Amino acid sequence: MDGLVARQVYGLHHCTLLRELVLDHNKVRQLDASSFCGLSFLQEVRMESNGLRSLAHFGRLPNLQVLQLGESGRQRDRWTAAATAAAAAA
């Protein structure tokens with residue numbers, strides 16, 4: 001879905017074996033609680049150049065190993081600092 005101008009992430013709950021999701025160059029500004037529902041095998045999410053405003057719902061992905069959010073707005077530096085702190089605490 002790279003560059004298809006998606007604004008929301010929904011309807012993926014039937015893709016239970018999905019391991020990689022690429023949503024680069026879209027307009028996804030926020031996620032809701034059901035955005036990644038049922039995607040427990042998801043290991044990599046790429047959402048570069050979206051303007052995402054929150055990381056709130058990525059914690060529901062138990063197997064997430066790679067999260068790429070480059071060029072996702074002003075929050076990026078704050079997220080990097082928070083991710084670094086969380087990794088250090090783990």
Side-chain angles (χ1 to χ4, degrees):
M1 293 180 62
D2 185 2
L4 293 177
V5 192
R7 295 181 189 278
Q8 295 178 317
V9 178
Y10 64 92
L12 298 174
H13 59 278
H14 295 293
C15 302
T16 57
L17 298 177
L18 188 68
R19 295 188 188 280
E20 180 180 354
L21 180 62
V22 178
L23 294 166
D24 294 344
H25 309 287
N26 284 283
K27 295 185 185 276
V28 179
R29 303 284 186 254
Q30 62 185 28
L31 301 167
D32 62 36
S34 66
S35 292
F36 299 120
C37 184
L39 302 181
S40 59
F41 289 100
L42 196 59
Q43 296 175 347
E44 182 173 346
V45 176
R46 287 184 22 206
M47 294 184 69
E48 297 189 16
S49 299
N50 273 282
L52 195 62
R53 296 179 180 148
S54 172
L55 296 177
H57 301 293
F58 288 105
R60 298 172 185 225
L61 298 170
N63 290 306
L64 187 65
Q65 297 172 9
V66 177
L67 177 59
Q68 294 181 335
L69 300 171
E71 301 299 320
S72 285
R74 295 182 206 165
Q75 301 292 333
R76 186 182 59 198
D77 294 332
R78 191 171 71 178
W79 292 342
T80 301
T84 302

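Given the structure is predicted, the values throughout are model-derived calculations rather than measurements. Numbers for residues simply follow the sequence, beginning at 1.
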ILVMFWY network linking Leu52 to Leu67, side-chain heavy atoms under 4.5 angstrom: yes
Within the structure provided, determine whether Leu12 and Leu21 are in side-chain contact (heavy-atom separation under 4.5 Å). yes
When the side chains of residues 30-40 are checked against the rest of the protein, which donor-acceptor pairs come out under 3.5 Å, sequence neighbours left out?
| unit_1 | atom_1 | unit_2 | atom_2 | d |
| --- | --- | --- | --- | --- |
| Asp32 | OD1 | Ser34 | N | 2.9 |
| Asp32 | OD1 | Ser34 | OG | 2.8 |
| Asp32 | OD1 | Ser35 | N | 3.1 |
| Asp32 | OD1 | Ser35 | OG | 3.4 |
| Ser35 | OG | Val9 | O | 3.2 |
| Ser35 | OG | Asp32 | N | 3.0 |
| Ser35 | OG | Asp32 | O | 3.2 |

Of all heavy-atom pairs linking Arg29 and Asn26, the shortest is NH1-O, 4.4 Å
Go through the steps to decide whether Leu69 and Leu55 satisfy the test side chain to side chain contact (heavy atoms under 4.5 Å, CB included), and finish with yes or no. CA-CA 10 Å; Leu69 300 171; Leu55 296 177; 3.2 Å; yes
Identify the two heavy atoms, one from Val28 and one from Met47, that lie closest to each other, and give their separation to 0.1 Å. CG1-CE, 3.5 Å
CD of Gln43 to CD of Gln65: how many Å apart, nearest 0.5 Å? 4.5 Å
Using 0.5 Å steps for rounding, measure from the CG atom of Asn63 to the CG atom of Leu42. 9.0 Å
Rounded distance [0.5 Å steps], CZ in Arg46 versus CD in Gln68: 5.5 Å
